[in-house]
Amino acid sequence: MGARTPVVEFSILVAILAFTPSFSLVGSASLSIETDKQALISIKSGFTNLKPSNPLSSWDNSNSSPCNWTRVSCNKDGNRVVGLDLSSLQLSGSLDPHIGNLTFLHSLQLQNNLLTGLIPHQISKLFRLVLLNMSFNSLEGGFPSNISAMAALEALDLTSNNLTSTLPDELSLLTNLKVLKLAQNHLFGEIPPSFGNLSSLVTINFGTNSLTGPIPTELSRLRNLKDLIITINNLTSTVPPAIYNMSSLVTLALASNKLWGTFPVDIGDTLPNLLVFNFCFNEFTGTIPPSLHNITNIQVIRFAYNFLEGTVPPGLDNLHNLTMYNIGYNKLSSGKDGISFITSLTKSSRLSFLAIDGNNFEGQIPESIGNLSKSLSILFMGGNRLSGNIPPTVGNLNGLALLNLSYNSLSGGIPSEIGQLENLQSLVLAKNQFSGSIPSSLGNLQKLTNLDLSGNELISGIPTSFNNFQKLLSMDLSNNKLNGSIPKEALDLPAIIRLNMSNNLLTGPLPEEIGYLANLLQIDLSSNLISGEIPSSIKGWRSIERLFMARNKLSGPIPNNLGQLRAIEIIDLSANLLSGPIPDNLQYLLALQYLNLSFNDLEGEVPKGGIFKSRANVSLQGNSKLCLYSSCTKSDSKHGKAVKVIILSAVFSTLALCFIIGTLIHFLRMKSKTAPFTELLEDQHEMVSYDELRLATENFNEKNLIGKGSFGSVYKGNLKQDIPVAIKVLDVNRTGSIRSFKAECEALKNVRHRNLVKLITSCSSIDFSNKEFRALVYEHLSNGSLDEWVHGQSSREPGIGLNILERVNIAIDVASAINYLHHDCELPIVHCDLKPSNILLDADMTAKVGDFGLARLLMENANTQSSITSTHVLTGSIGYLPPEYGFGMKPTTAGDVYSFGVTLLELFTGKSPTDECFTGELNLIKWVESCYPEDIMAVIDHKLPELFVDLEYKGRTISSDMQKDCLIKVIGVALSCTVNTPVNRIDMEDVVSKLRRAKDNLLRPPKKSAVF
């Protein structure tokens, strides 16, 4: 028998209430029903979006009795209201305090509405109430005072609101409580041990909150408890052994916490009724307990994302009712029989989800995989060490929606039987050793939205049957050995957003049909043998942002239609055979950030506007016929030219000497204005050679590697005169790295500030393998990154962290740098990737902001600032990105302010915004807000209070109270930076001012007492 669901629990309670005999009444019945009537009218007045068609339109004073009103239930005598069901009416507003006058109410259901405000404390007067459901609203604050007065309460459901409080001990006095659901709120603090007194409890659900501390052992006293759900919190402890002995448990879900320890060997014997076992996203070690596979009725087993080792124990063939088995991302390995446990799962006829990915499993996929449940919809086996062929029997799994076998060592051909999986939506076979041709039968997968066959050894052509992919959003065939021309049928992909066919052997011209991909955001055809002209039909790419066609044999002119692609950010047509002029309209593409037309046969004058103003963002080398201005000679007719020469020769001969002398003098004073464009690629500083950087880093020795980033590696080294430098070597094969190089050069070439990392020089060359080489050379900052200091990886003595004064100084340094970029540059700059790893510290602990690879120059437009970029791609690092970027908003200075605020919170809490404790709706900002300002010390970096007692300044000790006051001010600034709406965020000028004021207050000497 399955686990009892919340709906069933409430249905039973409502049914019980329907047959509950009426209470005897004291006093006048008419007066009592009149009291209820007036209370209901007041409750209705608290709702703000009522329409004439709303069911509450029957609630009218003119009607004699509320017992006739919609959604109102009375007792059998019709003299008191006992039930009120206002669920799912989309009611907004707040709950009126007059709810407390409905003292005979047994059932109150307000779920699935839009209610806001506090839960009125008058609700505690409802001492007869048995069922209270206010779930899925936006109620705020805490629990109503004197909630223990609701002594008859059996079910309390406040799921999915905005409650911010601790769990009150007073709840433990509701001894009749059977269902307690408080999930998806902002509750914090520890679970009171007194909850072990709620002996009637059947269900506890505290999921998705911010609860901390251990799981109270006292909960094991709840002998009737069937569902214990405390997922997605911050619990930090082992699980009390007594919990594993609660034989009544049906659901035990403690996923996404920081729980640790090992599992009892006999867990399957002590929890015989268990149906759901969910411990994923924790820190458990040891092995999977074999006895767990003895619970024959179990339906869900989830161990994913822990540190479990060993093999999968036997007994899976006992679990006939299993629907989910997820052991992904552990350290599990194969036994002598490989992954034969797959065969045992063939007896689980209800299995719909199987994940063994991210482990160390070896061996071949057994033929028996085709005998798994027909209900199996998700199969994840990637990230292991599996070898051999994919068994053709996989075609029997016709319920599959997601199949991922990537990052293994599978070989042979892709079985044509995969084409039988008619429900498949995502097929990922990347990074294996598959060979042979792509089966045309894959074209039968008409529901497919994602196809990734990249990083294999596939040959032959692209099947024409791909024209059946009418729902396909992403296709990656890159890094194979595909050949032949691209068939036009394979381009009948009306929904495609991302298309990657790079690094293959494709030949022939591009079909006109390629321009019909109207929804395309990115296309990569680079490193093939494609020839012919770029078709003019590309004007149909209305949404295209990134175009890569480098290293092919494309010829003819660059089509003028390219200038009509208004959303495009990156164009790379380098290393082709393109000829003719550069289309003049490319300079009007405001979103364009990087243009690479190098190593072609282009000629004529280079446009002067738009992106061509920036040498860092345009690459034109290897085009000897290009010139910067109109210095290119134009052919006149032979006769006209001869006449002009004869007429003017006498004049020029007499002036020749003066002209030559004047030209020589002028040349000595200034550079020629008709220099070829390639000469102007050199920056203001002297560029270093590849060989100099190779010697400086001892041939890029691993011992000199000090970091890796999105677009390359950073080495320490010494240039001439023993100048210590940090050398950022770009991975030129990585998409976006060259744009990053150009963006960083452009952003830093004209900026000077003590809190910005200094760019010393750069290198754009060819390495010893005749491959493109690019590097940026910065000043070396000896104290590493702020990220290392915040998270305890600095060179300082282990355990010694930054004190409050050092942290405030760092905050002021960073704020000053960003303020300079926003307000004091000739053209404002948005950094776009501000985070602790991009903030470096010199020997004096002065903070400097670096890594401008994602920086944007802003243009002014009618009193607003917007970046010259497109709107579809998130710019920056997850956790530090402002929410508006996720909705397509272009980078702005307000976005940097948000990132700075998150960085400031991380600096003072020691918590990264991507810390695994932040799951669901909880994030770093909400966590800090929940404790600000009263309990601010609860979220502060644990190393910081230890340093309070030792902080001295100019011979005097700074008190803990002054330090705490400074913390409150600084965290207040951070929260002002991280409000959701950009227009409501504080400006960086105000940030600098407030932080300096906080520092001044911290260091201000205490006032001397007056002497009498």
Query raised in the report: Strictly under 6.0 Å, is that where the ring centroids of Phe263 and Phe279 end up?
Result: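 That pair passes the under 6.0 Å test.
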Query raised in the report: Does the gap between the ring centers of Tyr880 and Tyr898 come in under 6.0 Å?
Result: no
Between [atom1] on residue [X] and [atom2] on residue [Y], distance to nearest 0.5 Å:
| X | Y | atom1 | atom2 | answer |
| --- | --- | --- | --- | --- |
| Ser160 | Leu182 | OG | CG | 12.0 Å |
| Gln38 | Ser42 | CD | OG | 7.0 Å |
| Asn79 | Cys67 | CG | SG | 7.5 Å |
| Lys181 | Leu156 | NZ | CG | 11.0 Å |
| Asp60 | Trp69 | CG | CH2 | 7.5 Å |

Examine the side chains of [X] and [Y] and answer whether a donor and an acceptor come within less than 3.5 Å of each other.
| X | Y | result |
| --- | --- | --- |
| Thr70 | Ser58 | yes |
| Thr212 | Asn234 | no |
| Asp227 | Thr203 | yes |
| Ser92 | Thr48 | yes |
| Glu906 | His791 | yes |

Close side-chain approach of [X] and [Y], heavy atoms under 4.5 Å:
| X | Y | value |
| --- | --- | --- |
| Gln122 | His98 | no |
| Leu967 | Val970 | no |
| Ile232 | Gln184 | no |
| Phe206 | Ile229 | no |
| Ser165 | Leu187 | yes |
| Leu252 | Asn278 | no |
| Thr323 | Phe353 | no |
| Leu225 | Leu219 | no |

Query - Which residues share a ring pair (Phe, Tyr, Trp, His ring centres under 6.0 Å) with Tyr329, sequence neighbours left out - result: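 Tyr329 satisfies ring pair (Phe, Tyr, Trp, His ring centres under 6.0 Å) with Tyr305 once adjacent residues are dropped.
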Query raised in the report: Are Lys969 and Asp965 close enough for a salt bridge, meaning some N to O gap below 4.0 Å?
Result: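 Yes.
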**Report entry** Heavy-atom donor-acceptor pair, Asp85 side chain to Ser87 backbone, under 3.5 Å
**Finding:** yes
Requested in this report: Only one of Ile215, Ile230, Thr166 passes side chain to side chain contact (heavy atoms under 4.5 Å, CB included) with Ile191; say which it is.
Outcome: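 Per the side chain to side chain contact (heavy atoms under 4.5 Å, CB included) rule, the option paired with Ile191 is Ile230, out of Ile215, Ile230, Thr166.
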Report task. Show your working on salt bridge (charged side-chain N to carboxylate O under 4.0 Å, His left out) between Asp915 and Lys258 and close with a plain yes or no. Result -> CA-CA 11 Å; Asp915 192 289; Lys258 291 186 176 179; 3.7 Å; yes
